[in-house]
Protein chains: 2
Amino acid sequence: MSANLRQVAERAGVSVRTVSNVVSGFALVAPETRERVQRVIDELGYKPNAAARHLRGGRSGLVALVLPEIASPYFGELAGLLADRAGAHAWTLLVQQTGGDAARERELLDGVRSQTVDGLIMSPWGLSPSDLTRRTDSAPLVLLGEQDADGLLDHVAIDNVVAAADLTRHLIQTGRRRIAAIGLQSHLVNGTAARRAEGYRQALADANLPAREIPVRRLHRADGAAAMTELLTSDVDAVFCFSDQLALGALHVAVASGRRVPADLAVAGFDDIEDGRFANPALTTVAPDKPAIADAALTCLADRLANPGAPPRRLVVPHRLEIRASTTTGS
Amino acid sequence: MSANLRQVAERAGVSVRTVSNVVSGFALVAPETRERVQRVIDELGYKPNAAARHLRGGRSGLVALVLPEIASPYFGELAGLLADRAGAHAWTLLVQQTGGDAARERELLDGVRSQTVDGLIMSPWGLSPSDLTRRTDSAPLVLLGEQDADGLLDHVAIDNVVAAADLTRHLIQTGRRRIAAIGLQSHLVNGTAARRAEGYRQALADANLPAREIPVRRLHRADGAAAMTELLTSDVDAVFCFSDQLALGALHVAVASGRRVPADLAVAGFDDIEDGRFANPALTTVAPDKPAIADAALTCLADRLANPGAPPRRLVVPHRLEIRASTTTGS
DNA sequence: CTGAAAGCGCTAACAC
DNA sequence: GTGTTAGCGCTTTCAG
């Protein structure tokens with residue numbers, strides 16, 4: 001147990017009020033008093049008790065990041081950026097995994113560890129819009145990804161329809177005609193995959209090309225590998241995967257089974273995870289501006305905390321196409 | 001602001017004591033009283049205030065995971081396992097990134113956010129043994145990786161010397177003779193890379209083969225790529241990278257520059273991250289038992305909390321060789 | 001089995 | 001400029 005305010009005060013011969021002033025950098029302390037108190041603080045190794053501050057002030061300095069799985073590269077990269085940038089708001093990040101399970105998501109939505117956090121940044125997979133709007137907890141919430149919660153909640157996302165259409169057009173422009181999509185997730189309420197499918201279909205329809213959609217259960221490499229195995233018997237000349245992980249699984253199977261990528265088959269992904277840049281061949285992908293997502297989420301949370309009554313915002317973050325060797329030869 | 005104990009008590013016509021008993025599942029409450037109180041709790045949506053509990057009880061239910069970067073696949077996978085298993089100890093995980101910076105590590109060592117956490121699980125990179133043993137904070141600490149802190153601290157690790165020797169022997173047994181190692185980090189105090197180098201050298205010495213060691217600054221794919229680029233001009237027939245990330249970078253450069261892997265060049269890594277399993281070709285690696293690492297770290301922390309005076313332990317976790325296509329043809 | 005009350009460490013309103 | 005003190009919400013000792 002370390003020293004507390006009162007002990008510091010006694011030892012420095014001042015009141016707790018003065019010590020509190022020194023600790024919190026409050027101005028009205030005589031310089032010599034301040035110095036004396038500071039010396040005692042250092043001597044005793046005094047550190048303010050966060051629990052007491054939290055109880056008193058109502059702010060814990062903690063923000064929960066609630067996501068399906070931290071081990072997934074996309075979420076890992078995002079978590080890293082959020083953790084780094086949280087400091088600027090005097091926040092520390094707390095991680096909660098849901099495995100994409102709706103019940104677990106609902107539970108976390110309504111009080112992560114009973115009111116410990118100042119706010120939540122959440123990437124839901126299994127929640128319906130009504131789950132999201134019907135929550136009882138009052139901690140500010142910012143959603144990652146497009147959520148369709150009737151504009152009632154703050155959220156941060158790229159424009160998935162446009163992004164998917166951009167990538168599909170790139171495949172068409174480089175001569176592909178039989179373009180399959182891997183990554184539909186009809187069992188999920190989450191709209192992200194649906195939006196990407198929409199962009200994919202639009203671009204194909206504009207070019208009068210047929211769509212071919214392979215659903216998956218999860219977005220792991222193994223799911224991409226399984227989907228690709230299924231596709232090997234068909235005559236597709238390109239696959240557009242709705243995540244880089246799916247794409248890396250698909251790429252692995254395609255290469256292992258002797259397909260030449262990109263000569264015989266183009267493979268593209270979504271997310272721009274680091275693995276994709278060093279894949280063989282390097283993976284073409286949609287690159288969301290992840291630092292911008294992290295900043296937007298934190299700022300949005302801070303704004304909401306400062307102004308609870310403000311209307312909810314939908315923040316659209318930029319993305320760009322990252323064209324690499326998995327879809328283009330030479331050039 | 002949600003309801004507190006007193007409001008529940010008033011509304012249920014009992015004392016706070018009784019409500020507290022109901023909430024904490026304490027036995028001595030008349031069944032009908034319990035039921036009535038529970039009804040009010042549900043009605044008011046009462047949730048215990050964590051700050052007050054922490055202040056009163058001294059436990060926050062929070063454990064800090066302090067690591068170089070959460071976005072690195074190895075740490076991401078570990079964090080996921082820790083987050084999942086933390087629940088079994090009624091803990092929530094809080095993440096702090098250090099970027100491997102010694103000053104930041106030292107700062108976190110001595111009071112992550114001023115005594116908010118019940119304990120720390122830390123993977124230090126830049127800290128010296130004396131930094132580690134000379135800390136002032138009293139929160140229990142468990143180190144990940146071999147730390148050489150004179151046996152004064154709890155730590156969890158695989159046997160890196162044996163593991164590296166195992167892998168090197170595998171390369172020798174499959175006919176490699178000019179085996180380079182990528183991943184020395186002489187600028188770091190951290191002993192992990194040094195231990196792996198030791199195992200590598202031992203195995204080579206036993207077979208009367210020469211060592212060739214390439215140092216790196218970090219363990220990222222880009223560093224592995226740079227090291228491999230350097231090695232392309234030489235005549236090595238195998239590279240053993242001290243992390244899978246390094247290996248994936250090396251593999252990328254080797255394949256991109258036309259080397260046939262494994263025919264011309266074998267590539268092996270360390271950590272068994274998921275990317276490696278789906279690389280082209282799939283990456284041979286040392287697979288530490290990550291779930292066991294997570295469990296050992298949490299259990300060790302819990303034990304230390306329960307028994308602060310117990311002698312520090314060094315927990316050695318199993319590993320195994322994962323032989324894949326990047327080092328062996330056919331078989 | 002239930003009630004009253006102390007006190008965890010801090011901040012801030014109120015004195016001086 | 002500095003001191004005193006109430007009270008944040010909870011657990012737990014002590015009475016009853």
Side-chain angles (χ1 to χ4, degrees), chain A residues 1-38 40-41 44-62 90 111 113-118 137-139, chain B residues 1-38 40-41 44-62 90 111 113-118 137-139:
Chain A
M1 207 44 100
S2 98
N4 65 21
L5 260 195
R6 218 198 44 213
Q7 295 169 326
V8 174
E10 274 170 14
R11 182 130 173 189
V14 296
S15 77
V16 289
R17 169 66 204 261
T18 302
V19 181
S20 181
N21 281 344
V22 170
V23 171
S24 50
F26 194 56
L28 305 172
V29 182
E32 62 268 29
T33 311
R34 172 182 298 279
E35 205 200 329
R36 181 156 41 95
V37 170
Q38 188 59 54
V40 176
I41 287 175
L44 263 48
Y46 168 77
K47 274 176 225 133
N49 180 307
R53 280 192 159 170
H54 180 190
L55 180 56
R56 186 63 234 249
R59 280 197 54 154
S60 65
L62 256 29
R113 285 183 26 75
S114 9
Q115 340 166 7
T116 8
V117 298
D118 295 339
D137 200 71
S138 60
Chain B
M1 206 44 99
S2 96
N4 65 21
L5 262 195
R6 219 200 44 213
Q7 294 167 327
V8 174
E10 273 169 14
R11 182 130 176 189
V14 295
S15 76
V16 289
R17 168 69 205 258
T18 302
V19 181
S20 180
N21 281 344
V22 170
V23 171
S24 50
F26 194 58
L28 305 172
V29 182
E32 62 269 27
T33 311
R34 173 183 297 281
E35 204 202 328
R36 181 156 38 94
V37 170
Q38 188 59 54
V40 176
I41 287 176
L44 263 48
Y46 168 77
K47 274 175 224 133
N49 179 307
R53 279 191 160 171
H54 180 191
L55 180 57
R56 184 65 235 246
R59 280 196 55 155
S60 64
L62 256 28
R113 287 184 24 78
S114 5
Q115 340 167 8
T116 7
V117 298
D118 295 339
D137 201 71
S138 59

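Convention: sequence-line order gives letters A, B, ...; per-chain numbering from 1.
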For [X] and [N], what is the distance between atoms [atom1] and [atom2] respectively, to the nearest whole Å?
X: A:E32; N: D:dG1; atom1: CD; atom2: C1'; value: 10 Å
X: A:E10; N: D:dT4; atom1: CD; atom2: P; value: 11 Å
X: B:R59; N: D:dC10; atom1: CZ; atom2: C1'; value: 16 Å
X: A:H54; N: C:dC8; atom1: NE2; atom2: P; value: 20 Å
X: B:Q7; N: D:dG9; atom1: CD; atom2: C1'; value: 10 Å
X: B:K47; N: D:dC8; atom1: NZ; atom2: P; value: 20 Å
X: B:R6; N: C:dA5; atom1: CZ; atom2: C1'; value: 14 Å
X: B:L5; N: D:dG9; atom1: CG; atom2: P; value: 10 Å

Between C:dG3 and B:T18, is there an OP1 or OP2 to side-chain N/O distance shorter than 4.0 Å?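 True: B:T18 side-chain N/O within range (under 4.0 Å) of C:dG3 OP1/OP2.
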
Given [options], identify the nucleotide with an atom nearest to the side chain of [X].
X: A:P48; options: D:dC10, D:dT5, C:dC10; value: C:dC10
X: B:A52; options: D:dG9, C:dC10, D:dG3; value: D:dG9
X: A:L55; options: C:dT2, D:dG9, D:dG3; value: D:dG9
X: B:N49; options: D:dC10, C:dG3, C:dC1; value: D:dC10
X: B:N21; options: D:dG9, C:dT2, D:dT4; value: C:dT2

If I take atom [atom1] from residue [X] and atom [atom2] from residue [Y], how far apart are they, to the nearest 0.5 angstrom?
X: B:L55; Y: A:H54; atom1: CG; atom2: NE2; value: 11.0 Å
X: A:R34; Y: A:T18; atom1: CZ; atom2: OG1; value: 10.5 Å
X: B:D137; Y: A:K47; atom1: CG; atom2: NZ; value: 4.5 Å

Please enumerate all residues that pass side chain to side chain donor-acceptor pair (under 3.5 Å) together with A:D118, with sequence neighbours excluded.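 A:D118 satisfies side chain to side chain donor-acceptor pair (under 3.5 Å) with A:S60, A:W91 once adjacent residues are dropped.
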
So, using side chain to side chain donor-acceptor pair (under 3.5 Å) as the criterion, who are the partners of A:R36 when residues are at least two apart?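 Here no residue qualifies.
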
Is it true that a side-chain atom of B:S20 and a backbone atom of B:V16 form a donor plus acceptor pair closer than 3.5 Å?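 Checked: no pair found.
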
Can you give the donor-acceptor pairs under 3.5 Å from side chains of residues 5-14 of chain A to other protein atoms, not counting sequence neighbours?
from: A:Q7; atom 1: OE1; to: A:N4; atom 2: N; distance (Å): 2.9
from: A:R11; atom 1: NE; to: A:E43; atom 2: OE2; distance (Å): 3.3
from: A:R11; atom 1: NH2; to: A:E43; atom 2: OE2; distance (Å): 2.5

Could you pull out the protein-nucleic contacts involving nucleotides 13-16 of chain C (nitrogen or oxygen on both sides, under 3.5 Å)?
from: C:dA13; atom 1: N6; to: A:R17; atom 2: NH1; distance (Å): 3.0
from: C:dC14; atom 1: N4; to: A:R17; atom 2: NH1; distance (Å): 3.3

Which part of the nucleic acid, if any, lies within contact of A:T33, taking any heavy atom under 4.0 Å across all strands shown: a base, the sugar-phosphate backbone alone, or nothing?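 The residue A:T33 makes sugar-phosphate contact but no base contact.
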
Pick base, sugar-phosphate or nothing for A:V14, based on heavy-atom distances below 4.0 Å to the nucleic acid.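 Answer is sugar-phosphate: A:V14 comes under 4.0 Å of backbone atoms only.
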
